[in-house]
Amino acid sequence: MKINRIIMMIVGCLALFALPVSAETPLLEELMRKYTFPLIFLSLLGGVLTVGYLYVTGLLPKVIFKSWEWIDERFALHRYISLAKREYYSVVYTLLPATGRTMPQSHTERYNVKAVWYWYPFYSLGGLSFFAYIVLTITGIYLGFYYVPDGEFVEDPETGEMTSGAYQSMELIMTQVTFGYIIRAVHHWSAHFMVASVFLHMMRVYFVGAYRNPREVNWILGSILLMVTIFFGYTGYLLPWDELGFAAGSIGLEMATSIPAMGPLMAQIVFGGTQLTGDTITRMYWLHIFVLPLVGTILIIIHMALVWIQGEAEPH
Ligand code: HEM
């Protein structure tokens, strides 16, 4: 009863807050602009509080078991899990009976070295890059609700300045959208953080010699991931279509067109033409929110699966 009342109170408060502030803006748009972030935050908070409550009252195992039972009854998941486990261990133990999962044996395993290497903290850099990627995905989804990929310049009737729809949508995010500027800042700094951590991760891999047999394929995949990361940064930098973005676009376009023979084709593929136009932003947007995330996510999954299969290389 008590819980019901609390839920009703929260819903009531939200309904009050959800009243539109201006008559001109459609209700749904106003609600989205103002309350998407608070709702996500409240849902997460609600989730954490619920789990905490269940944990404290000792009901958590029962709830997990009941939920699992509900799902398993419908999808027979336990059969697929045991099948996958059987297959996995049959492959691992047939090929590598002595070593278990790690292939080949790491340095410490082979020589039974009891050592704590002082560069172990650098082994977290790949994981940190992955963490930054997740943060970028979440904040990017939020920004995507409001960003408009419109690169055509039009004269602002009030100020007489030339601006684009893309730039105006960025202004909206920075000034009107609840927590918009924070989310944009988190997206911005996570992008810098990811570029730095991916690069340092690559240096760690190089200096401990982890790129050698049998991890050559992962080194090559990693090199492609580095390019994907940099390209993510570049396409994102152009999206606000402000002076900085436009200048960076000009430099990139010059570089692309200066490639002998292939130049115009490269400019066409990456910039949507040999001039910077509204099409450039459409192209950058599609690369930034679809092509690169697709390629990047697939490569990261394969990259990390290979680390799982091959194990971590110890410093030699
Ligand atoms: C999106 C970028 C990347 C992500 C998310 C990522 C993620 C990871 C993770 C989580 C690991 C295991 C933990 C660790 O060693 O830090 C790893 C290992 C590895 N990564 Fe990356 N990585 C990325 C980019 C790169 C780059 C740029 C290279 C090199 C060109 C690279 C080459 C390797 C290699 C060879 C290993 C195996 C290292 C070992 O066994 O000690 N990765 N990566």
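As the structure lists them, so they are numbered: ligands from 1, and atoms in each ligand from 1.
- Side-chain polar atoms of Thr257 and Thr274 form no donor-acceptor pair below 3.5 angstrom.
- Protein contacts to atom 21 (Fe) of ligand 1 involving N, O or S atoms at a distance below 2.8 Å are His201 NE2, His303 NE2.
- Near Gly127, meaning under 4.0 Å from any of its heavy atoms, are these atoms of ligand 1: 10 (C).
- Given atom 14 (C) of ligand 1, the protein heavy atom at minimum distance is Tyr123 O, 3.1 Å.
- Between Tyr206 and Trp219, the two ring planes are tilted [angle within 30° to 60°].
- Ion pairing of Glu312 with Arg204 is present here, as a side-chain N (NZ or NE/NH1/NH2) and a carboxylate O approach within less than 4.0 Å.
- Transitive grouping of hydrophobic side chains (ILVMFWY, heavy atoms separated by less than 4.5 Å) brings Tyr181 and Phe145 into a common cluster.
- Summarising the contacts of atom 15 (O) of ligand 1 with Met203, Arg212, Arg204, the nearest heavy atom is found in Arg204.
- If you number the atoms of ligand 1 from 1 as listed, the ones under 4.0 Å from a heavy atom of Met194 come out as 1 (C).
- Annotation: Ser124 places no N or O atom under 3.5 Å from an N or O atom of ligand 1; distance criterion only.
- Classification of the Phe246-Trp241 ring pair by plane angle, with boundaries at 30° and 60°, yields tilted.
- Side-chain N/O atoms of Tyr133 and Ser190 include no donor and acceptor closer than 3.5 Å.
- Looking only at heavy atoms of the protein, atom 39 (C) of ligand 1 is closest to Ala313 N, 3.4 Å.
- Residue contacts with ligand 1: Tyr133 is excluded, as none of its non-hydrogen atoms falls under 4.0 Å.
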Can you give the donor-acceptor pairs under 3.5 Å from side chains of residues 37-46 to other protein atoms, not counting sequence neighbours?
from, atom 1, to, atom 2, distance (Å)
Ser43, OG, Leu39, O, 2.5

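- Cation-pi contact between Arg74 and Trp70: present, with separation from the ring centre below 6.0 Å and deviation from the ring axis of at most 45°.
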